[in-house]
There are 2 protein chains.
Amino acid sequence: MIYDPKYENKLRESGLRPTKQRIKICEVLFNSTETFHFTIKDLVKIIENQANIKVSLATVYNTVHAFNKKGYLKEIPINSSQSYYDTNISHHHHFFDEDENKLIDIDQNDVDEVMIKKTIPGKKIKSIEVIAKIVTDN
Amino acid sequence: MIYDPKYENKLRESGLRPTKQRIKICEVLFNSTETFHFTIKDLVKIIENQANIKVSLATVYNTVHAFNKKGYLKEIPINSSQSYYDTNISHHHHFFDEDENKLIDIDQNDVDEVMIKKTIPGKKIKSIEVIAKIVTDN
DNA sequence: AAATACATTAAAATCATTCTAATCTGTTGA
DNA sequence: TCAACAGATTAGAATGATTTTAATGTATTT
């Protein structure tokens, strides 16, 4: 079977074989020029609405995990019962709107570079994320 | 019944009545000069080891939630199956050691103040948190 | 001290996530 | 090309944190 090589590469580089289900997941995540925030549940819903193929939860989870590990997706650090992922893997930050449980991007240029003076022996910094919680201003 | 007024106030200000169980939770959380990070499970374990009273999970959850809401505790924004709380409510940040699933404080003085230029109409910033993920440096 | 409002509890329910084990499909090497 | 194998898919079960329930208990108010 032959797939869009763009997605085939992404999958292979993430340690996954290209399959019909995974290509569909790629289409949903990477087809658009727009980046977005999603939960696993969101993703399953979009696939169900868009596609005529059925993809099981287990497949969605393992594919998203592999992309996250490889760096094609980023998990956003917030406390929520569900994990949020971001298709925008460039360096940027987030507002989390606590009234509506919604994430809003903050462009890198809108935050001064975060400099951390403390170091931990034997450890290196993998990522730095800023989360600003916002609420209705009364 | 008469309790340490320090804890009684904390509880009442959080909208809770002082009870034997809740006072015990306060003792564990606020008795020490040291601040610490904990999960609900940790807290229950400490209470079981230290005290001769039994406190149900439901009571621990509702008490911790009330303190968090009031601001006597802070929930730390990381993706983990469990929620992490911090008894240090002063403005500071965290490393999250991904190898050991452990949080490490970063003093406010070790991070330049984070300035966010973007604003969202009708919303105000409630908190700004920096999470720096660290891993073994090879 | 009675009446009320809130608290406590064990157990059940919920919900995201992970695991399982049976079946299926890409992939590889002859 | 095609058999054999490694890895993928799936529904459903298992797990584990958190929330809810509903019966009973306790602090509070009058």
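Excluded from the calculations below are hydrogen atoms, water molecules and symmetry mates; all remaining heavy atoms, backbone and side chain alike, are included. First the proteins, then the strands, lettered A, B, ... as listed; each starts at 1.
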- Item | d(CG, A/L57; P, D/dT10) in whole Å | 10 Å
- Task: Give the rounded distance in Å between these two atoms: NZ of A/K20 and C1' of C/dT27.
- Result: 17 Å
- Query: Regarding A/D107 and A/N109, is there a side-chain donor-to-acceptor distance under 3.5 Å anywhere?
  - Reply: yes
- Toward the 5' end of DNA chain D, by each residue's nearest nucleotide, B/Y61 or B/R12: B/Y61
- Using whole Å, report how far CG of A/N68 lies from C1' of C/dT18. 16 Å
- Message: Between B/D97 and A/K123, does the salt bridge (Lys or Arg N to Asp or Glu O under 4.0 Å) criterion hold? Intermediate values first, please.
- Response: CA-CA 8 Å; B/D97 183 331; A/K123 302 282 176 176; 3.1 Å; yes
- Query: What nucleic acid atoms does B/S83 come within less than 4.0 Å of, heavy atoms only: base, sugar-phosphate, or nothing?
  - Reply: sugar-phosphate
- Return yes when atom NZ of A/K69 has more than 12 non-hydrogen atoms of other residues, nucleotides or ligands closer than 6.0 Å, and no otherwise. no
- Of all the choices, C/dA10, D/dT9, D/dT18, which nucleotide is nearest to the side chain of A/S56 once you look at every atom? D/dT9
- Message: Heavy atoms only, 4.0 Å cut-off, all strands: where does B/S81 land among base, sugar-phosphate and nothing?
- Response: sugar-phosphate
- Closest to the A/A58 side chain: D/dA11, C/dT17, D/dA27? D/dA11
- Pick base, sugar-phosphate or nothing for A/L16, based on heavy-atom distances below 4.0 Å to the nucleic acid. sugar-phosphate
- Stepwise, does the ring-ring contact (aromatic ring centres under 6.0 Å, His included) test hold for A/F36 with A/Y84? CA-CA 10 Å; A/F36 63 98; A/Y84 281 77; over 10 Å; no
- Task: Give a yes/no on whether any side-chain N or O of B/K41 is located under 4.0 angstrom from OP1 or OP2 of D/dA17.
- Result: yes
- Candidates D/dT18, D/dT10, C/dA16 - which lies nearest the side chain of B/I40: D/dT18
- The side chain of B/R17 lies closest to which of these nucleotides: C/dA5, D/dA8, C/dT8? C/dA5
- Item | Interatomic distance, A/L11 CG vs C/dG26 C1' [rounded to whole Å] | 13 Å
- Query: Rounded to whole angstroms, how far apart are CD on A/Q82 and C1' on C/dT18?
  - Reply: 16 Å
- In whole angstrom, what separates B/N62's CG from C/dT8's P? 7 Å
- Query: Starting at CG of B/D42 and ending at P of D/dA17, how long is that distance when rounded to a whole Å?
  - Reply: 11 Å
- Query: How about B/K102: does its NZ atom have over 12 heavy atoms from other parts shown lying under 6.0 Å from it?
  - Reply: no
- Round to the nearest Å and state the distance from A/E8 atom CD to D/dA8 atom C1'. 15 Å
- Item | B/Q21 side chain, from C-beta outward: closest of C/dT9, C/dT17, D/dT9 | C/dT9
- Task: Give the nucleotide from the list D/dA11, D/dT18, D/dT19 with an atom nearest to the side chain of B/H65.
- Result: D/dT19
- Any B/R22 side-chain nitrogen or oxygen under 4.0 Å from OP1 or OP2 of D/dA27: no
